[in-house]
There are 2 protein chains.
Amino acid sequence: MKFIEGGITAPVGIKAAGICCGIKQSNLDLALIYSEKTAQIAAVFTANEVQAAPIKLCRERLCSGLIQAVIINSGNANACTGQQGLLDSRTMADITAAELQIDSSLVWAASTGIIGERLPISKIKSGIKKIVPALSKAMGKQAARAILTTDTCTKEAAVELEIADKTITIGAMAKGSGMICPNMATMLCFVTTDAHIKAEHLQLALNQAVNQSFNRISVDGDTSTNDMVMILANNAAGGAQITPESAYWQDFCDALNMMCIKLAKDIIKDGEGATKFIEIKVIDAISEKQAQKIASCVGNSALVKTALFGQQANWGRILAAAGMAGAGIIPEQIDLYLNSVKLVENGCGLGEQVAIEAEERLKSKDIEIIVDLKQGDKSYNMWSCDLSYEYVRINADYHT
Amino acid sequence: MKFIEGGITAPVGIKAAGICCGIKQSNLDLALIYSEKTAQIAAVFTANEVQAAPIKLCRERLCSGLIQAVIINSGNANACTGQQGLLDSRTMADITAAELQIDSSLVWAASTGIIGERLPISKIKSGIKKIVPALSKAMGKQAARAILTTDTCTKEAAVELEIADKTITIGAMAKGSGMICPNMATMLCFVTTDAHIKAEHLQLALNQAVNQSFNRISVDGDTSTNDMVMILANNAAGGAQITPESAYWQDFCDALNMMCIKLAKDIIKDGEGATKFIEIKVIDAISEKQAQKIASCVGNSALVKTALFGQQANWGRILAAAGMAGAGIIPEQIDLYLNSVKLVENGCGLGEQVAIEAEERLKSKDIEIIVDLKQGDKSYNMWSCDLSYEYVRINADYHT
């Protein structure tokens, strides 16, 4: 299994396109993913109780287990738009289906951008008429650009693996840079594969991949109304069927994980205003749950994030954040490392000299925090970024 | 009952002082509160699992129900300092007791400042010898200055009330501006009163006051290792005994609440980098717990805070934050107001015109967010501040 060039259109039988339909003036703002064959579908949606209209539509359509196209706009989230919003998302899918000459139930709609404004449906209508004829393998790159909002770069990945002597490909594109938090935040990720796998098994594979990747990232602890990760499998590679009982299951899951982890990290690296990529590893915990609670408190702490932006070896804030989790730690036996420099042993600081050494290493763009609880043998890791002036600027200025 | 001039030394029989002992170079960094008579004591401590040495000492001494003096240093938290830290806090209290010629068990120690460095105990020792002779009513103001860290102003309050024809006074000083979060954060609050009330009843009064005040404020969602609110009652006014059964109970609690709410708001107004004072009211909830969860998510949301710093009427972020709480809201029936402008009705935005009106009103320093759930008749309010460039600067530069 290996990463290959390409993104969403890497698998056999998948085309895409990205155009500007005028929501965001001159930027690409409308994307379409199309599978030549009807495909199996699985998806994970935002945990936020306030759910945008397209999320409601997709949830409804997930039940059939089948999909053939996804139409996505950026610049407008179609969230908090009531019955009109639901109608608009449905119209967006219906027009796409009509242009593609497929059944409307096989089309999903997704939106991201400002909350609370009505979708400019006439712009989208004309956009759809333009985007369908533009579908191609090469236009995958434009699709990846068209789904961005405050992102500064596209997030694409493709992985190849052998299953029973056939080459299977998984491709994906994602967006997200602010409002990132475990359990889906302002992020969208679309995954395609030409593997042979049933919807119910695809869902199992996706759930475990999301738990290993997108549920472990945090930019600012805020979740959003619009987010989802979806995967479609069109069996276009003509390979053996992948089931949890089959010999290929673990390979397929590993490949999917590898790709989702890469995209999750890409989102953090493009975190709003981020200057540091922070990996938090909580080790020797009683349970994964305990480790997760602590990692989450450390990863979401504004004080830890600003300290790391300032390149300070302020381990006191990290310990204080760990203590906030209420996860039953024993402070007197915790060890703590920053970029491999041991700063704390049994809950006590190891002095000025190691702090100076750590601050030197904090100049690196990559930061690794290890919190060793010395209570058990479970662990959890997650990824976060620092909190900079630029984060404040972006979010004070931009109307999301 | 009314606010009067003064602070910690307002009640009869209370003196205080604040000096510079050299921890913070030329700034005041050592404070002493002294009651001429042995007093009843009650306290609430940080919920953080990582607890500083002075917190451990005070917890231990709380059991006796008696106190006569509190020695407080700023500039060093004496947290994560192991056995040595415990010894240092004990020494700090012991020397104070010796200088005051009282029993050591009657002296509490408190610390705030940088975590993980050993307390400069010799500086504190010489400081204590200087501070005891300086005790006076007038020096209360210096005490209020000596407990500050990143605060830009002192926080003092005093309240007077009549109980059975006697005038009872409650005085207080507090500190805190960052790391503020419900359940005690980097904040200290010392309250004195000349009322006649037993330790156990004082504790009841304090618990309810803290729930109405300090547990409702948030600067950045981070709690700390060192924080506490304590109240001592020395019966120096010679009034009637206040018990939960007495007619004066509610008056005493009301006066204490009034004062604690004022100080809690003062802390938010002095929030690190704060340019806005934000009151969040969640109304018509099924339960206070539901309202509290939602208020807390809105008050701690970095996206809401940056939007308000930018004076944006970005109600979508507020709704999304409410949805994050997982508190069982019905998004389709929520109304939302910003500074009395209704922006959302039944989960839908009310358009451009009202948003423009709201943005005009967001230029005010005071912001009121009302989230009307229309599910019941319970409510909860809390106080927060915005997230500015200055917050990032303070916390990226300052070694807490």
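This one's a predicted model, so the numbers in the text were calculated from it and none came from an experiment. We name chains A, B, ... by the order of the sequence lines, and we start the count at 1 in each one.
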For this session: Check whether A355(A) gets within reach of chain B through its side chain, its backbone, both or neither, counting any heavy atom under 4.5 Å.
Result: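 For A355(A), neither part sits under 4.5 Å from chain B.
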For this session: Grab the two heavy atoms, one from A302(B) and one from Y391(A), that are nearest each other, plus how far apart they are.
Result: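 Heavy atoms only, the tightest pair is CB-OH, 3.6 Å.
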For this session: Pick whichever of S388(A), G349(A), A322(A) has the most heavy-atom pairs under 4.5 Å with chain B.
Result: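 The candidate making the most pairs under 4.5 Å is S388(A).
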Exercise. How many angstroms lie between atom CG of L319(B) and atom CG of N48(A), to the nearest 0.5 angstrom?
Worked result: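 The distance works out to 9.0 Å.
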Exercise. Which distance, rounded to the nearest 0.5 Å, do you find between the SG of C80(A) and the CG of L343(B)?
Worked result: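 These two atoms lie 12.0 Å from each other.
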Problem set entry | Charged N-O contact under 4.0 Å between E332(A) and K56(B) |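 Salt bridge: yes.
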Problem set entry | Heavy-atom contact with chain A under 4.5 Å, split by part of A327(B) |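 Contact with chain A involves the backbone of A327(B) alone.
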Problem set entry | Backbone of P331(B) reached by a side-chain donor or acceptor of E49(A) within 3.5 Å |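 Such a contact is absent between E49(A) side chain and P331(B) backbone.
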Problem set entry | Side chain to side chain, V392(A) and V392(B), heavy atoms closer than 4.5 Å |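 Yes - at least one pair of side-chain heavy atoms lies under 4.5 Å apart.
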Problem set entry | Atom NZ of K289(B): over 12 foreign heavy atoms under 6.0 Å |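 No, because the 6.0 Å sphere around NZ of K289(B) holds 12 heavy atoms or fewer from other groups.
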